[in-house]
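Note sheet for the following structure.
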Number of protein chains: 2
Amino acid sequence: MPTGTSTTSRPSGRPRGADTAARREDILRVAAELFSVDGYRGTSMSRVAKAAGISHTGLVHHFPTKDDLLGAVMDRRDELDTARAFADAGARPTGWDYLHAMVQMVRNNEEHPGMVRLFTTVSGEAVDPEHPANAWLRRHHEATVRRLRNAFQQAAEAGQLAPDAPLDAMCRLIVAAMDGLQTQWLTGTAPGMADELACLVEAFEARWRR
Amino acid sequence: MPTGTSTTSRPSGRPRGADTAARREDILRVAAELFSVDGYRGTSMSRVAKAAGISHTGLVHHFPTKDDLLGAVMDRRDELDTARAFADAGARPTGWDYLHAMVQMVRNNEEHPGMVRLFTTVSGEAVDPEHPANAWLRRHHEATVRRLRNAFQQAAEAGQLAPDAPLDAMCRLIVAAMDGLQTQWLTGTAPGMADELACLVEAFEARWRR
DNA sequence: CCTACCGATCGGTAGG
DNA sequence: CCTACCGATCGGTAGG
């Protein structure tokens, strides 16, 4: 009995479509782990292939270039990040509640050091305008700032924000604090991240909440 | 006439001691530039040598391993950083004044993008415990936190700090904000860093200054 | 002509 | 400090 014919029903042989999706997921998982420790520049395609249990050329078949692989890894990170954020709070909180939900999201991140390491390591390399993840980093920061800005504007419309509050600076500060706390947490300088971020939100409320 | 003998007076030939120090400084300057863009892992000894105008083995003569070179580059960064911090304020301010002086120091850093890039890029790689700059990164963060803690304790002794202020979290937040703002500034998400940091200090004062 | 790979090797470069 | 090299590994591609 021939295997891999062009007939529509295949009682034996490899289920091709499903295998491809599962294989890609395997690759993305091990690549994320390697990038998170050694960075994009410090990780070779061969090492990713070996960790995924396939050949180098097998890896290239799924991701033609190393840049393609990085892009897929970071897209997957964002998807998992968003999925977890939504799982925590069914509907997205608004106004100051959004800030407190963000603290909870950071507390959740303390259970996922691999994700935090991936973000921090790749961000460090990606400040170089020539780095393949530079556009991703800018997009990520701008999207995060935008969501914070929306929350502050909701607070303002509800009369809960001082009219002279420096909106943009506050948004950027929260993003900066989250990024910087990750570095300190990963190196052991800080025991956590959420309590520190909560301290920032508390100070903001003391100064600019109405 | 022989060149480079061990006699004390050399009317001709290369003044060796001076040359060595100057050459090392040249190497450290170009290495800092390369590390700041491509990172430690993304920079080769050969490329450093070429940029410094010497051979690969000539570079190895001054810095036996790549790790030695990185250590010297980061030590030099810290020296220049400290020198500029002292130049700004003759004596180190105390209490809340120290926080405001730090904002001024960050404003000064906006004139030195290369230094900021070096710090951010190497920090990103160095969260890996196996990275040669991991110890440097931890030392840097702990020293910065210690100086901030001293300042807050001076404020407390002067009765200018609420007794329930979360000292450690505040110190780590300031360090995190400085690090994170550097990333956003380098990628163009934020137009500056000092105004944002000043916003953090203002919020802290509103919440915990007495 | 398709898919999901394989073993082998391309021209160059890495740190030392 | 140079020329001349090493063992190995880089990202990417060949034909089958």
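The sequence lines fix the lettering, A, B, ..., with proteins before strands; numbering per chain opens at 1. Because only heavy atoms are used, hydrogens play no part in the values below, and waters and symmetry mates are left out as well, while side chains stay in.
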Figure out the CZ/P separation between A/Arg24 and C/dT3, and round it to whole Å. 14 Å
Where A/Ala51 and A/Leu34 come nearest, the two heavy atoms and their spacing: CB-CD1, 4.1 Å
Quiz question: going by heavy-atom distance under 3.5 Å, is there a donor-acceptor pair between the base of C/dG16 and the side chain of B/Thr57? no
Separation of C/dG16 C1' from B/Asp68 CG (nearest whole Å): 12 Å
I want to check one thing: is the phosphate of C/dA4, taken as OP1 and OP2, less than 4.0 Å away from some side-chain N or O of A/Thr20? yes
Could you check whether the side chain of B/His56 and the base of C/dG15 have a donor-acceptor pair of N or O atoms closer than 3.5 Å, going by distance alone? no
Using atom C1' of each nucleotide, how far apart are D/dT9 and C/dG11 to the nearest Å? 13 Å
Between C/dG16 and D/dA4, how far apart are the two P atoms, rounded to whole Å? 22 Å
Could you tell me the separation between the OH atom of A/Tyr40 and the C1' atom of D/dC10, rounded to a whole number of Å? 12 Å
Would you mind checking if B/Arg41 and A/Glu125 are paired as a salt bridge, meaning a charged N to carboxylate O distance below 4.0 Å? no
Within less than 4.0 Å of OP1 or OP2 of C/dA4, is there a side-chain N or O belonging to A/Arg23? no
Under 3.5 Å, is there an N or O donor on one side and an acceptor on the other linking the side chain of B/Ser46 and the base of C/dT13? no
Where the side chain of A/Ile54 is concerned, which of C/dC6, C/dG16, D/dC1 is the nearest nucleotide? C/dC6
Please name the residue in the list A/Val116, A/Val122, A/Leu118 that meets the side-chain contact (heavy atoms from CB on, under 4.5 Å) test with A/Thr120. A/Val116
Which whole-number value in Å describes the distance from A/Leu69 CG to D/dC10 C1'? 15 Å
May I ask you to decide if the ring planes of A/His131 and A/Tyr40 are parallel, tilted or perpendicular, using 30° and 60° as cut-offs? perpendicular
For A/Arg117, is there an ion pair with B/Asp128 - N to carboxylate O distance below 4.0 angstrom? no
Atom C1', compared across C/dC5 and D/dG15: separation rounded to whole Å: 13 Å
Taking the nucleotide of DNA chain D with the nearest heavy atom to each, does B/Leu59 or A/Asp67 sit closer to the 5' end? B/Leu59
D/dC1 OP1/OP2 closer than 4.0 Å to side-chain N/O of B/His62: yes
A/Asp26 atom CG is separated from C/dA4 atom C1', nearest whole Å, by 14 Å
Tell me the interatomic distance from B/Lys50, atom NZ, to D/dT3, atom P, rounded to whole angstroms. 13 Å
Hey, does A/Val60 reach any base, or is it just sugar-phosphate, or nothing, if we go heavy atoms under 4.0 Å? base
Please state how far atom CZ in B/Phe35 lies from atom C1' in C/dG15, giving the value in whole angstrom units. 12 Å
Assign each of B/His61 and A/Lys66 to its nearest nucleotide of DNA chain D by heavy atoms, then name whichever residue's nucleotide is nearer the 5' end. B/His61
